[in-house]
2 protein chains.
Amino acid sequence: MIRVLIAEDQQMLRGALSTLLNYEEDIEVIAQANNGKEATELIHQLAPDVCLLDIEMPIKSGLDLAEEIFEAKSLCKVIILTTFARTGYFERAIGAGVHGYLLKDGPSEELAEAIRRVVNGQRMFSPELVFNQLKQDNPLTSREKEVLKLVASGLTSKEVSAHLFLSAGTVRNYMSEIINKLEAKNRIEAITKAKEKGWI
Amino acid sequence: MIRVLIAEDQQMLRGALSTLLNYEEDIEVIAQANNGKEATELIHQLAPDVCLLDIEMPIKSGLDLAEEIFEAKSLCKVIILTTFARTGYFERAIGAGVHGYLLKDGPSEELAEAIRRVVNGQRMFSPELVFNQLKQDNPLTSREKEVLKLVASGLTSKEVSAHLFLSAGTVRNYMSEIINKLEAKNRIEAITKAKEKGWI
DNA sequence: TTCAAGTAGTGACATTTGTCATGTGAAGGG
DNA sequence: CCCTTCACATGACAAATGTCACTACTTGAA
């Protein structure tokens, strides 16, 4: 019996999927989580064979969690299940050694099959992703990403500098460079573009 | 037997829901559509008792379709099923006389129950919506919304002013007032907040 | 070991943004 | 008719933002 945990904040989908998976004879959904933090605890307690993770969840994202699981060298296989075909997300997921990455756009029957495969040590990726991947990586350095994320959350340059213990001028230099790299007109466009590509 | 049509562009959810609903003894999913246009045709052909409509779909949105069904004085009951708790969407849906408005965030068991209710002539709304509705309507005037939307798309104040044939000062006054109304620190926060509430 | 990149900083400058006071005219409700 | 709200406008000022040039230290790869 394959023991599965589902982390997905959209209750309707979570409920529907777990009911469906439970109809499979070899699969049992042993836990459901509303967000990454809940999932972390449940994984520790129950050690499921497979985790189905949504990316965009409150508190802790599925990618954060996938990275933690990877760091911990856990035996639990991870399948990312998301709406977003953003290359940035996919890249990060690959970096975190996930075993599967499926789009919610795919057929629901595919899911049980994917679970069986990853348990078998195979990997399963939506073909759209693999295709998209063949270019466009994040041009921002890690420091630049940090700065842009804070700016995107509404902080002014000065506040960001206090946050990161940098001088105000440095932050403005970073922003200038970011705007330049992303070919944006100002920070607002930079934020939009970076989000679109999944770079922050 | 209640005959149901599902229009939802996210295949995974659509597949899962229709399988689930088909397990109910009194409900049968007679058609699935990928978008509003497909749904329109299927409704004409099959005259389902209930339509389950997602809002954000390609080609024609669920709200557009709901309005058409309403105009046509069709007997088909409409349930909107969406991720978005935006008051604007809800308002429009109420205007289109929908029989139910559920969030994908709700439990999946609720759905079959909601379908039975609306067939019975009752209505079914996610309580969150009704609650939100009574509070928070959009504090922005239509002009302010217009300005904020353009700013959110990355335009500078000057560009917005050219776009709307206003003086640059006026646009800055609007932005100042918007930032004030939304209790934001700057335009970036104002954009984020307005988007969160579904005000732009 | 040289070199490119990333990180961090300064100073100067122009532009954009945000705030305030203040004024006008139009529309709508009581 | 008065009062409020909205739309639109100015001018003035302070603060934030964006750009440039130039310096300096560290690190990893060729």
Side-chain angles (χ1 to χ4, degrees), chain A residues 67 88 91-92 95 135-200, chain B residues 87-88 91 135-200:
Chain A
E67 281 163 358
E91 244 176 75
R92 243 188 99 188
K135 49 185 196 72
Q136 308 218 299
D137 37 320
N138 194 336
L140 304 179
T141 68
S142 65
R143 205 49 160 166
E144 285 165 350
K145 275 188 285 186
E146 240 176 319
V147 169
L148 188 53
K149 267 185 220 172
L150 291 173
V151 167
S153 78
L155 302 191
T156 64
S157 299
K158 202 195 287 179
E159 288 166 330
V160 172
S161 73
H163 224 271
L164 299 178
F165 307 105
L166 295 176
S167 89
T170 303
V171 172
R172 276 158 63 214
N173 281 340
Y174 279 132
M175 278 311 298
S176 185
E177 184 58 19
I178 290 165
I179 288 168
N180 182 33
K181 278 184 180 173
L182 303 187
E183 297 174 56
K185 201 166 26 252
N186 51 40
R187 43 183 71 199
I188 295 176
E189 251 198 13
I191 292 166
T192 316
K193 287 196 175 185
K195 278 190 179 162
E196 256 169 28
K197 305 272 188 175
W199 288 338
I200 55 168
Chain B
T87 39
E91 256 171 64
K135 286 258 142 249
Q136 341 208 279
D137 6 279
N138 196 334
L140 304 178
T141 67
S142 65
R143 205 48 159 167
E144 285 164 350
K145 274 189 285 186
E146 239 175 320
V147 169
L148 188 54
K149 269 185 218 170
L150 290 173
V151 167
S153 79
L155 301 192
T156 63
S157 300
K158 201 195 288 180
E159 288 166 331
V160 172
S161 74
H163 224 272
L164 299 178
F165 307 104
L166 296 176
S167 88
T170 303
V171 172
R172 278 157 61 212
N173 281 340
Y174 280 133
M175 278 312 298
S176 184
E177 184 57 21
I178 290 166
I179 289 169
N180 183 32
K181 279 184 180 174
L182 302 188
E183 297 174 57
K185 198 166 28 248
N186 52 41
R187 42 182 72 198
I188 295 176
E189 252 198 10
I191 292 166
T192 315
K193 288 197 175 185
K195 278 189 179 162
E196 258 170 25
K197 306 271 188 177
W199 288 337
I200 55 169

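Please read all numbers here as calculations on a predicted model, not as lab measurements. Per chain, numbering begins at 1; letters A, B, ... match sequence-line order.
- If you take CG of A/Leu155 and P of D/dA15, they are 19 Å apart, rounded to a whole angstrom.
- Listed pair A/Thr141 / C/dG6 fails the phosphate criterion, with no side-chain N or O lying under 4.0 Å from OP1 or OP2.
- In this structure, A/Leu164 atom CG and C/dG9 atom C1' are separated by 15 Å, rounded to whole Å.
- Looking at A/Leu148 and A/Met175, their side chains come closer than 4.5 Å, going by heavy atoms from C-beta outward.
- In the interface, the side chain of B/Arg172 is paired with the base of C/dT17 through a donor and an acceptor atom under 3.5 Å apart.
- Backbone-only engagement by B/Ser157 is indicated by non-hydrogen atom pairs under 4.0 Å involving sugar-phosphate atoms exclusively.
- Residues B/Lys185 and A/Leu155 have side chains in contact (heavy-atom distance under 4.5 Å, counting atoms from C-beta outward).
- With distances taken from any side-chain atom of B/Tyr174 to the nucleotides C/dG9, D/dC8, D/dT19, the minimum falls on D/dC8.
- Remark: A/Ser167 is not in phosphate contact with C/dA8, judged by side-chain N or O atoms under 4.0 Å from OP1 or OP2.
- Whole-Å rounding puts the B/Ile179 CD1 to C/dC20 C1' distance at 14 Å.
- Taking only side-chain nitrogens and oxygens, A/Ser161 never comes nearer than 4.0 Å to OP1 or OP2 of C/dG9.
- With contacts defined as side-chain heavy-atom distances shorter than 4.5 Å, the pair B/Leu166/B/Arg143 qualifies.
- For D/dC20, the base has a donor-acceptor partner in the side chain of A/Asn173 [N/O atoms by modelled type, under 3.5 angstrom].
- The base of D/dT17 is not paired with the side chain of B/Asn186 by any donor and acceptor separated by under 3.5 Å.
- Distance A/Glu177 CD to C/dG6 C1': 11 Å, rounded to the nearest Å.
- Ion pairing between a basic and an acidic side chain is recognised when a charged N comes within 4.0 Å of a carboxylate O; A/Lys149 and A/Glu146 show no such pairing.
- Atom P of nucleotide C/dT24 and atom CG of B/Leu166 are separated by 20 Å, given to the nearest angstrom.
- In this structure, CZ of B/Arg187 is placed 8 Å from C1' of C/dG18, rounded to the nearest angstrom.
- For D/dA15, neither phosphate oxygen OP1 nor OP2 lies less than 4.0 angstrom from any side-chain nitrogen or oxygen of A/Lys158.
- Within 4.0 Å (heavy atoms only), B/Thr156 reaches sugar-phosphate atoms of the nucleic acid but no base atom.
- The residue among B/Ile188 and B/Phe165 whose nearest nucleotide of DNA chain D is located toward the 5' end is B/Phe165.
- Rounding to the nearest 0.5 Å places CG of A/Leu182 at 5.0 Å from CG of A/Leu140.
- Take the nearest nucleotide of DNA chain C for A/Gly169 and for A/Lys181: the residue whose nucleotide is more 5' is A/Lys181.
- A/Ser176 comes within 4.0 angstrom of a nucleotide base, judged by non-hydrogen atoms across all strands.
- Nucleotide C/dT17 holds its C1' atom 15 Å from the NZ atom of B/Lys185, rounded to whole Å.
- Here the side chains of B/Lys181 and B/Thr141 are in contact, with some heavy-atom distance below 4.5 Å.
- We find that CZ of B/Arg143 is positioned 16 Å from C1' of C/dG25, with the value rounded to whole Å.
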